[in-house]
Amino acid sequence: EPEVTQTPSHQVTQMGQEVILRCVPISNHLYFYWYRQILGQKVEFLVSFYNNEISEKSEIFDDQFSVERPDGSNFTLKIRSTKLEDSAMYFCASSPTGSNQPQHFGDGTRLSIL
Amino acid sequence: RKEVEQDPGPFNVPEGATVAFNCTYSNSASQSFFWYRQDCRKEPKLLMSVYSSGNEDGRFTAQLNRASQYISLLIRDSKLSDSATYLCVGDNYGQNFVFGPGTRLSVLP
(Lines give C-alpha, C1' and ligand atoms only; values in the text may rest on other atoms or scores of the structure.)
Protein backbone atom coordinates (compact mmCIF):
# COMPACT_ATOMS: atom_id res chain seq x y z
CA GLU A 1 0.00 0.00 0.00
CA PRO A 2 1.44 3.42 -0.94
CA GLU A 3 2.63 5.54 1.97
CA VAL A 4 3.54 9.10 2.79
CA THR A 5 7.19 9.12 3.87
CA GLN A 6 8.90 11.76 6.00
CA THR A 7 12.53 12.49 6.79
CA PRO A 8 14.21 12.83 9.16
CA SER A 9 12.36 10.93 11.85
CA HIS A 10 13.98 13.09 14.52
CA GLN A 11 15.64 16.50 14.15
CA VAL A 12 17.46 18.25 16.98
CA THR A 13 18.32 21.89 16.32
CA GLN A 14 19.57 24.91 18.22
CA MET A 15 17.11 27.77 18.69
CA GLY A 16 17.41 30.31 15.90
CA GLN A 17 18.58 27.79 13.31
CA GLU A 18 16.71 26.94 10.14
CA VAL A 19 15.22 23.48 9.64
CA ILE A 20 13.77 21.78 6.60
CA LEU A 21 11.40 18.88 7.05
CA ARG A 22 10.88 16.63 4.05
CA CYS A 23 7.92 14.64 2.85
CA VAL A 24 7.19 12.45 -0.15
CA PRO A 25 3.41 12.33 -0.60
CA ILE A 26 1.62 9.42 -2.24
CA SER A 27 2.40 9.68 -5.93
CA ASN A 28 -1.06 10.22 -7.45
CA HIS A 29 -2.26 12.57 -4.70
CA LEU A 30 -2.81 16.23 -5.54
CA TYR A 31 -3.34 17.85 -2.12
CA PHE A 32 -0.64 18.11 0.49
CA TYR A 33 -0.75 19.25 4.09
CA TRP A 34 1.41 19.92 7.10
CA TYR A 35 0.13 19.49 10.64
CA ARG A 36 1.88 19.68 13.97
CA GLN A 37 1.24 18.09 17.34
CA ILE A 38 2.84 19.49 20.46
CA LEU A 39 3.38 16.75 23.05
CA GLY A 40 0.14 15.99 24.87
CA GLN A 41 -1.94 18.30 22.68
CA LYS A 42 -4.15 17.86 19.66
CA VAL A 43 -3.12 17.74 16.02
CA GLU A 44 -3.19 21.26 14.53
CA PHE A 45 -3.40 22.27 10.88
CA LEU A 46 -0.57 24.40 9.50
CA VAL A 47 -0.93 24.64 5.74
CA SER A 48 -2.46 23.03 2.67
CA PHE A 49 -0.91 23.04 -0.80
CA TYR A 50 -2.42 22.39 -4.20
CA ASN A 51 -1.33 23.07 -7.75
CA ASN A 52 2.02 24.45 -6.60
CA GLU A 53 0.63 27.04 -4.27
CA ILE A 54 -0.67 27.43 -0.74
CA SER A 55 -4.43 27.00 -0.68
CA GLU A 56 -4.92 27.70 3.01
CA LYS A 57 -2.84 28.36 6.10
CA SER A 58 -3.56 28.68 9.80
CA GLU A 59 -2.58 31.47 12.15
CA ILE A 60 0.29 29.24 13.35
CA PHE A 61 1.83 29.37 9.87
CA ASP A 62 3.47 32.79 10.18
CA ASP A 63 6.33 34.34 8.23
CA GLN A 64 8.82 31.96 9.82
CA PHE A 65 7.25 29.06 7.91
CA SER A 66 7.34 28.27 4.22
CA VAL A 67 6.50 25.28 2.04
CA GLU A 68 7.82 24.20 -1.29
CA ARG A 69 7.45 21.43 -3.82
CA PRO A 70 10.91 21.64 -5.37
CA ASP A 71 10.42 18.69 -7.72
CA GLY A 72 7.73 16.22 -8.68
CA SER A 73 7.94 14.18 -5.53
CA ASN A 74 9.15 16.14 -2.49
CA PHE A 75 7.12 18.52 -0.34
CA THR A 76 9.08 20.47 2.25
CA LEU A 77 8.35 22.59 5.30
CA LYS A 78 10.97 25.16 6.25
CA ILE A 79 11.11 26.95 9.58
CA ARG A 80 13.42 29.91 9.16
CA SER A 81 14.47 30.75 12.70
CA THR A 82 13.30 28.14 15.14
CA LYS A 83 11.91 28.92 18.57
CA LEU A 84 11.62 26.66 21.60
CA GLU A 85 7.87 26.47 21.09
CA ASP A 86 8.35 24.96 17.63
CA SER A 87 9.26 21.68 19.34
CA ALA A 88 6.59 19.22 18.21
CA MET A 89 5.79 16.31 15.92
CA TYR A 90 5.27 17.51 12.38
CA PHE A 91 3.05 15.38 10.18
CA CYS A 92 2.79 15.57 6.43
CA ALA A 93 -0.41 14.31 4.81
CA SER A 94 -1.77 13.94 1.31
CA SER A 95 -5.12 13.22 -0.27
CA PRO A 96 -6.18 12.36 -3.82
CA THR A 97 -8.63 15.15 -4.48
CA GLY A 98 -8.90 17.30 -1.39
CA SER A 99 -12.36 17.93 -0.07
CA ASN A 100 -14.35 15.02 1.30
CA GLN A 101 -11.40 12.66 1.04
CA PRO A 102 -9.49 11.06 3.89
CA GLN A 103 -5.96 12.31 4.34
CA HIS A 104 -3.09 9.86 4.64
CA PHE A 105 -0.41 10.77 7.16
CA GLY A 106 3.30 10.15 7.21
CA ASP A 107 4.88 8.86 10.38
CA GLY A 108 6.10 12.31 11.35
CA THR A 109 9.27 14.19 12.18
CA ARG A 110 9.94 14.87 15.84
CA LEU A 111 11.50 18.33 16.03
CA SER A 112 13.35 19.21 19.22
CA ILE A 113 14.59 22.78 19.65
CA LEU A 114 17.32 23.32 22.24
CA ARG B 1 -13.53 29.41 16.00
CA LYS B 2 -14.34 25.99 14.60
CA GLU B 3 -13.87 23.22 17.16
CA VAL B 4 -14.29 19.49 17.54
CA GLU B 5 -14.85 18.33 21.11
CA GLN B 6 -14.34 14.90 22.64
CA ASP B 7 -14.32 13.39 26.10
CA PRO B 8 -10.59 12.78 26.69
CA GLY B 9 -11.20 9.67 28.81
CA PRO B 10 -9.43 7.45 29.60
CA PHE B 11 -11.93 4.70 28.99
CA ASN B 12 -10.69 1.52 30.65
CA VAL B 13 -12.67 -1.51 29.49
CA PRO B 14 -12.18 -5.29 29.68
CA GLU B 15 -11.53 -7.33 26.57
CA GLY B 16 -14.74 -8.19 24.79
CA ALA B 17 -16.60 -5.12 26.02
CA THR B 18 -18.52 -2.70 23.83
CA VAL B 19 -17.45 0.91 24.11
CA ALA B 20 -18.85 4.09 22.56
CA PHE B 21 -17.19 7.43 21.96
CA ASN B 22 -18.93 10.68 21.19
CA CYS B 23 -17.82 13.83 19.49
CA THR B 24 -19.45 17.19 18.79
CA TYR B 25 -18.48 19.78 16.20
CA SER B 26 -19.23 23.47 15.99
CA ASN B 27 -18.84 24.12 12.25
CA SER B 28 -22.23 23.44 10.71
CA ALA B 29 -20.64 23.81 7.25
CA SER B 30 -18.38 20.79 7.74
CA GLN B 31 -19.14 18.17 5.14
CA SER B 32 -16.89 15.23 5.89
CA PHE B 33 -16.05 13.45 9.09
CA PHE B 34 -13.62 10.72 9.97
CA TRP B 35 -12.37 8.68 12.87
CA TYR B 36 -8.63 8.21 13.10
CA ARG B 37 -6.72 6.23 15.68
CA GLN B 38 -3.38 7.33 17.05
CA ASP B 39 -0.99 5.14 18.95
CA CYS B 40 1.43 6.76 21.37
CA ARG B 41 3.81 9.09 19.50
CA LYS B 42 2.71 7.75 16.12
CA GLU B 43 0.86 9.25 13.19
CA PRO B 44 -2.94 9.36 12.94
CA LYS B 45 -4.21 6.37 10.94
CA LEU B 46 -7.59 6.41 9.24
CA LEU B 47 -10.07 4.14 10.95
CA MET B 48 -13.16 5.00 8.97
CA SER B 49 -15.09 7.74 7.24
CA VAL B 50 -18.43 8.73 8.77
CA TYR B 51 -21.58 8.98 6.68
CA SER B 52 -25.01 10.34 7.58
CA SER B 53 -26.58 6.96 6.99
CA GLY B 54 -24.18 5.36 9.43
CA ASN B 55 -21.55 2.89 8.39
CA GLU B 56 -20.01 -0.25 9.76
CA ASP B 57 -16.63 -1.85 9.26
CA GLY B 58 -16.30 -5.12 11.11
CA ARG B 59 -16.48 -4.39 14.83
CA PHE B 60 -16.63 -0.62 14.28
CA THR B 61 -19.76 1.42 13.66
CA ALA B 62 -19.80 5.17 13.04
CA GLN B 63 -22.80 7.46 13.03
CA LEU B 64 -23.31 11.10 12.12
CA ASN B 65 -26.19 13.26 13.32
CA ARG B 66 -26.04 16.53 11.42
CA ALA B 67 -28.98 18.11 13.24
CA SER B 68 -27.24 17.68 16.59
CA GLN B 69 -23.72 18.10 15.13
CA TYR B 70 -22.76 14.88 16.82
CA ILE B 71 -20.63 11.92 15.74
CA SER B 72 -20.24 8.57 17.44
CA LEU B 73 -18.00 5.53 17.22
CA LEU B 74 -18.97 2.16 18.62
CA ILE B 75 -16.43 -0.61 19.10
CA ARG B 76 -17.80 -4.09 19.74
CA ASP B 77 -15.90 -7.06 21.18
CA SER B 78 -12.91 -4.86 22.00
CA LYS B 79 -9.42 -6.31 21.66
CA LEU B 80 -6.20 -5.45 23.45
CA SER B 81 -4.95 -4.07 20.15
CA ASP B 82 -7.77 -1.49 20.14
CA SER B 83 -5.95 0.40 22.91
CA ALA B 84 -5.15 3.78 21.38
CA THR B 85 -6.36 7.37 21.21
CA TYR B 86 -9.35 7.86 18.91
CA LEU B 87 -9.44 11.15 17.05
CA CYS B 88 -12.65 12.66 15.76
CA VAL B 89 -11.98 14.77 12.68
CA GLY B 90 -14.11 17.17 10.66
CA ASP B 91 -13.24 19.10 7.57
CA ASN B 92 -13.01 22.91 7.56
CA TYR B 93 -14.90 23.91 4.42
CA GLY B 94 -13.17 21.01 2.70
CA GLN B 95 -9.77 22.64 2.94
CA ASN B 96 -8.18 20.98 5.92
CA PHE B 97 -8.96 18.89 8.93
CA VAL B 98 -9.95 20.03 12.39
CA PHE B 99 -8.98 17.43 14.96
CA GLY B 100 -10.59 16.76 18.28
CA PRO B 101 -8.30 16.28 21.27
CA GLY B 102 -8.86 12.51 21.16
CA THR B 103 -10.35 9.93 23.49
CA ARG B 104 -7.96 7.50 25.09
CA LEU B 105 -9.02 3.85 25.24
CA SER B 106 -7.31 1.14 27.26
CA VAL B 107 -8.56 -2.41 26.77
CA LEU B 108 -7.57 -4.52 29.74
CA PRO B 109 -6.96 -8.30 29.77
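Order of the sequence lines sets the chain letters (A, B, ...), proteins ahead of strands, with each chain counted from 1.
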Is there a side-chain contact between Val4(B) and Lys42(A) in this structure, where contact means two heavy atoms from C-beta onward sitting under 4.5 Å apart? no

Given side chains that start at C-beta, do those of Tyr36(B) and Val43(A) come closer than 4.5 Å, heavy atoms only? no

Validation row, ring centre Phe45(A) to ring centre Phe99(B) under 6.0 Å: no

Cluster check [X], [Y]: I/L/V/M/F/W/Y, side chain < 4.5 angstrom:
{"X": "Met89(A)", "Y": "Leu114(A)", "value": "no"}
{"X": "Trp34(A)", "Y": "Val24(A)", "value": "no"}
{"X": "Val98(B)", "Y": "Leu73(B)", "value": "yes"}
{"X": "Tyr50(A)", "Y": "Val67(A)", "value": "no"}
{"X": "Phe75(A)", "Y": "Tyr31(A)", "value": "no"}

For Gln103(A) and Leu46(B), what are the C-alpha separation, side-chain angles and deciding distance, and is it a side chain to side chain contact (heavy atoms under 4.5 Å, CB included)? CA-CA 8 Å; Gln103(A) 294 174 20; Leu46(B) 178 68; over 6 Å; no

Exceeds 12 heavy-atom contacts within 6.0 angstrom, atom CG of Asp63(A): no

Verify the neighbour count for atom NZ of Lys83(A): are there more than 12 heavy atoms of other residues, nucleotides or ligands below 6.0 Å? yes

Within the 3.5 Å criterion, strictly below it, is a donor on Gln6(A) or Glu43(B) matched to an acceptor on the partner's side chain? no

Is it the backbone or the side chain of Phe105(A) that comes under 4.5 Å from a heavy atom of chain B, or both, or neither? both

Contact part of Gln41(A) toward chain B, heavy-atom cut-off under 4.5 Å: side chain, backbone, both or neither? neither

About how many Å separate NZ of Lys45(B) and CG of Asp107(A), when rounded to the nearest 0.5 Å? 8.0 Å

Test your reading of the model: is there a side-chain donor-acceptor pair from Tyr33(A) to the backbone of Phe97(B), 3.5 Å cut-off? no

